[in-house]
A.B. asks: 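Handing you this structure, nothing more for now.
All of these numbers come straight from a predicted model, not from anything done at the bench.
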Amino acid sequence: NDDSIGQLSAEAGKYGTTEYAGNVGADMGAFDVALTATRLETDGFNARSTDTTLRDDDGFQNTTLHGRFGWSASDNLRAQLVVRQVDSDNDYDSCFTTDTFSPTDKCTDKFKQNSMRLSGDYTHGNFTHELAYNMSDTDRAFYSEGVSSFRPKGEIESAGYLGSYRHSPALQLVYGIDLETESIDDGSFDTDRDQDGYYLEYQGSFVDNIFVTAGARYDDNEDFGSHTSYRVSGAYLIPLGGGETKLRGSYGTGFRAPSLYEISYNSGPFASPPASETQLQEETSSGFDLGVSWTSAHGLYLEAVYFDQTVSDEIFFDLAGFSGYLQGNGDADSSGLELVLEWPVADSISLAANYTYNDTETDSNAPRAFRPQYLANLGINWQPLNSRLVIGVNARLSRDAQGVAGESLDDYEVVDLNASFEVLAGVEVFGRIENLTDTEYEEVPTYNTSSRAGYAGVRYNF
């Protein structure tokens with residue numbers, strides 16, 4: 001028995017953009033395979049408004065190959081190999097020359113990544129087991145006016161075990177071990193680091209409408225010591241108004257060590273004070289959310305969530321002086337309200353909307369940079385002609401964001417339009433217009449965004 005299925009697509013549009021993609025999968029009884037390849041090229045547009053001399057387009061190219069190979073030796077034993085390769089080139093503005101350290105807009109970043117995951121799954125009775133090995137190596141090369149300026153190479157290797165035990169709907173345990181080694185070599189900074197993690201989570205229910213999870217994780221980092229984080233959550237279901245209401249909440253903590261890349265950048269030739277004088281330490285976080293949602297018998301969905309998150313000693317890139325990676329000295333907070341609406345208005349029309357109010361504060365009592373206080377999205381989907389034609393309109397709104405110096409950033413509304421039509425069985429033409437109203441705005445000061453841009457393509461399923 002050999003069942004194959006696949007898809008081919010081609011797309012072209014503004015800024016000299018072309019994208020070709022293909023995927024194929026086959027199920028051959030005990031063996032299965034899936035292969036995917038994509039190629040994206042675009043001339044792009046001038047990345048920054050500060051580039052007033054060259055005013056060149058800053059393009060991008062990406063080739064991605066992905067493969068999955070599986071073997072089901074029996075009903076309860078399976079092995080799987082996943083491989084992925086990414087090769088990309090990116091042009092950008094505002095870097096520094098290697099000889100005089102003067103600014104230039106002739107900047108290129110080349111990125112290559114090879115990754116793989118080998119895993120084995122075994123199920124026996126109430127127990128499931130998974131052993132996995134993961135590897136990812138990256139090679140980045142930065143060029144200023146065609147001259148190599150910075151070339152970090154990194155690798156992450158990890159091995160782990162994931163197990164679960166299901167005694168009943170009221171008792172399920174998930175547990176595991178992560179053993180990870182990461183390394184980096186940028187020509188002057190060559191080091192590696194181990195981090196071992198151990199975790200356990202309880203998942204259970206009481207009666208038919210109360211659900212609880214509780215988990216903890218212990219991490220032992222070679223450079224930054226041991227840390228314990230945890231998370232608890234609960235949900236309560238109530239029949240109401242012919243539908244169902246859910247009350248839910250969660251609380252959790254987290255830990256992140258500064259990456260080797262962040263540390264190496266601060267030690268490299270392009271870092272300057274204050275980043276080059278900053279000894280990065282781990283950041284920690286804690287947060288909770290409380291939510292209520294209702295689903296009607298006819299598919300209407302409403303949700304409201306209050307959230308509050310705190311990051312202590314936050315690590316961030318210096319977007320004011322571009323000196324490198326800095327670290328806050330205290331707590332950075334984000335709290336607010338999220339509202340969600342999903343409404344099947346009719347058989348062929350549906351509406352989705354969400355709104356977020358986000359009140360932020362840094363350790364110096366200033367708003368966090370580039371985080372709008374008000375965000376909203378509205379999407380309408382129409383599928384006439386027995387769903388052969390699909391038309392979608394999506395609008396997004398941003399209000400009251402501030403920059404690193406406290407300056408007000410652009411408020412904006414952007415509308416995107418997309419459509420697809422099934423010409424023949426398995427053959428579909430599609431297109432989209434981004435920024436339909438040709439809105440001029442900057443989400444980050446001096447970084448340009450796309451003007452009105454149209455794209456169209458064809459997709460063949462077989």
A.B. asks: Got a salt bridge between Arg140 and Asp109, using NZ or NE/NH1/NH2 to carboxylate O under 4.0 Å?
C.D. replies: yes

A.B. asks: Can Glu145 and Lys106 be counted as an ion pair, charged N to O under 4.0 angstrom?
C.D. replies: no

A.B. asks: Counting distance only, does the side-chain N/O of Asp318 pair as donor-acceptor with the main-chain N or O of Ser323 below 3.5 Å?
C.D. replies: yes

A.B. asks: What pairs meet the ring-ring contact (aromatic ring centres under 6.0 Å, His included) rule with one or both residues in residues 354-407, with sequence neighbours excluded?
C.D. replies: Tyr357-Tyr374

A.B. asks: Please table the atom pairs, donor to acceptor, closer than 3.5 Å between any side-chain atom in residues 401-410 and protein atoms at least two apart or in another chain.
C.D. replies:
{"from": "Glu407", "atom 1": "OE1", "to": "Ala405", "atom 2": "N", "distance (Å)": "3.1"}
{"from": "Asp410", "atom 1": "OD2", "to": "Glu442", "atom 2": "N", "distance (Å)": "2.8"}

A.B. asks: Strictly below 4.0 Å, N to O, side chains only: are Asp105 and Arg55 in salt-bridge contact?
C.D. replies: no

A.B. asks: Counting distance only, does the side-chain N/O of Ser398 pair as donor-acceptor with the main-chain N or O of Tyr412 below 3.5 Å?
C.D. replies: no

A.B. asks: Does Arg39 pair with Glu41 as a salt bridge, N-O distance under 4.0 Å?
C.D. replies: yes

A.B. asks: Among Glu222, Glu182, Glu180, which residue satisfies the side chain to side chain donor-acceptor pair (under 3.5 Å) criterion with Arg193?
C.D. replies: Glu182

A.B. asks: Where the side chain of Glu413 meets the backbone of Leu397, is there a donor-acceptor pair that is under 3.5 Å apart?
C.D. replies: no

A.B. asks: Give a yes or no answer on whether the side chain of Glu361 reaches the backbone of Pro367 with a donor-acceptor pair at less than 3.5 Å.
C.D. replies: no

A.B. asks: Does any N or O in the side chain of Arg388 come within less than 3.5 Å of the main-chain N or O of Glu422, such that one atom is a donor and the other an acceptor?
C.D. replies: yes

A.B. asks: Describe, in one word, how the ring planes of Tyr265 and Phe317 are oriented to each other, choosing from parallel (under 30°), tilted (30 to 60°) and perpendicular (over 60°).
C.D. replies: perpendicular

A.B. asks: Test Glu303 against Tyr301 for side-chain hydrogen bond (donor to acceptor under 3.5 Å, both in side chains), laying out the working first.
C.D. replies: CA-CA 7 Å; Glu303 181 182 49; Tyr301 179 79; 3.2 Å; yes

A.B. asks: Between the side chains of Gln80 and Arg117, does any donor sit under 3.5 Å from an acceptor?
C.D. replies: no

A.B. asks: Before accepting this row, confirm whether a basic side-chain N of the pair Asp121/Arg78 lies closer than 4.0 Å to the acidic partner's carboxylate O.
C.D. replies: no

A.B. asks: Please check this pair: side chain of Ser296 against backbone of His298, looking for a donor-acceptor N/O pair closer than 3.5 Å.
C.D. replies: yes

A.B. asks: Short question: side chain of Arg371, backbone of Arg368 - any donor-acceptor pair under 3.5 Å?
C.D. replies: no

A.B. asks: Tell me whether Lys110 is salt-bridged to Asp87, with the criterion being a basic N under 4.0 Å from an acidic carboxylate O.
C.D. replies: no

A.B. asks: Under the 3.5 angstrom rule, does the side chain of Asp93 hit a backbone N or O of Arg48 as a donor-acceptor pair?
C.D. replies: yes

A.B. asks: How far apart are the C-alpha atoms of Tyr251 and Phe288, what are their side-chain angles, what is the distance that settles it, and do they pass the ring-ring contact (aromatic ring centres under 6.0 Å, His included) test?
C.D. replies: CA-CA 4 Å; Tyr251 177 82; Phe288 72 90; 7.0 Å; no

A.B. asks: Measure from the side-chain N and O atoms of Asp359 to the backbone N and O of Gln373, and report whether any donor-acceptor pair falls under 3.5 Å.
C.D. replies: no

A.B. asks: Classify the ring geometry between Phe150 and Tyr261 as parallel (under 30°), tilted (30 to 60°) or perpendicular (over 60°).
C.D. replies: tilted

A.B. asks: Taking Gln195 as the fixed residue, which of Thr181, Asn221, Asp178, Asp223 is the one that meets the side chain to side chain donor-acceptor pair (under 3.5 Å) rule?
C.D. replies: Asn221

